[in-house]
Amino acid sequence: MGRSVLVLVPEDRQGEEPAILRQVSAGKVEPYETTRLHKDGRSVPALLSVSAIYDACGVIVGASKIAHDISARRVKNLFAAVLAISRQTLGHGQIDAANVRSFEARLSSMARAHDLLTHRTWEQAELRAIVEQSISPYFPDRFAVTGLQSRSLQGQSCRSSRAS
């Protein structure tokens, strides 16, 4: 609030804003993919949707902009591409169907583990759930997952919860 939207625009993308304003004044801006800055300073792939705001007389008086973080979608697309390439690659050799299914199960497991992380925006995901999801396509007797069970940190200070 009270700050310019330009604080979210990376240095190399500053030229986008005047172009957006020109398009808004023409009445229409198509959604497009770009990069914006997170409040912590890291770059985030984003889908921008911009709409003109009109007064009662139909005159454009402003613009509304919504930026959707699309990093999870891009990673999912990457997993889909790897899966497609694996099917093409594994399908051309002397590899049996069981090996292909095993490879696909491992890749799908990685994608589901990624979903656990992105569901909570990379924060507060249960480590045990991520590990168990990641090893799910393998024989269960090959792994032993041990460690402290999750517990509520409610009422503990940050210092004491980090030490435990």
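Because only heavy atoms are used, hydrogens play no part in the values below, and waters and symmetry mates are left out as well, while side chains stay in.
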Original post:
Is Lys65 salt-bridged to Glu17, going by a charged N under 4.0 Å from an acidic O?
Top reply: yes
**OP:** Looking only at non-hydrogen atoms, find the nearest pair between Ser43 and Thr35 and report the distance.
**Re:** CB-CG2, 3.6 Å
**OP:** Using the side chain to side chain contact (heavy atoms under 4.5 Å, CB included) rule, take Ile60 and Ile53 through it: C-alpha gap first, then chi angles, then the decisive distance, then the call.
**Re:** CA-CA 6 Å; Ile60 297 173; Ile53 299 173; over 6 Å; no
Original post:
Under the 3.5 angstrom rule, does the side chain of Ser109 hit a backbone N or O of Ala105 as a donor-acceptor pair?
Top reply: no
Subject >> The single option from Ile20, Val44, Leu48 passing side chain to side chain contact (heavy atoms under 4.5 Å, CB included) against Thr34 >> reply: Leu48
Original post:
Is there side-chain contact between Glu33 and Pro45, with at least one heavy-atom pair below 4.5 Å?
Top reply: no
Original post:
Under the 3.5 angstrom rule, does the side chain of Gln14 hit a backbone N or O of Val9 as a donor-acceptor pair?
Top reply: yes
Original post:
How far does CG of Leu6 sit from CD of Glu11, to the nearest 0.5 angstrom?
Top reply: 10.5 Å
**OP:** Would you name the heavy atoms of Ile135 and Phe143 that are closest together and state the gap between them?
**Re:** CD1-CB, 3.8 Å
Original post:
If you measure from CD on Glu30 to OG on Ser49, what distance do you get to the nearest 0.5 Å?
Top reply: 10.0 Å
Subject >> Distance-minimising heavy-atom pair for Gly41 and Leu37 >> reply: O-CD2, 3.7 Å
Original post:
Are Tyr32 and Ile66 in one and the same hydrophobic cluster, where Ile, Leu, Val, Met, Phe, Trp and Tyr link if side-chain heavy atoms are under 4.5 Å apart?
Top reply: no
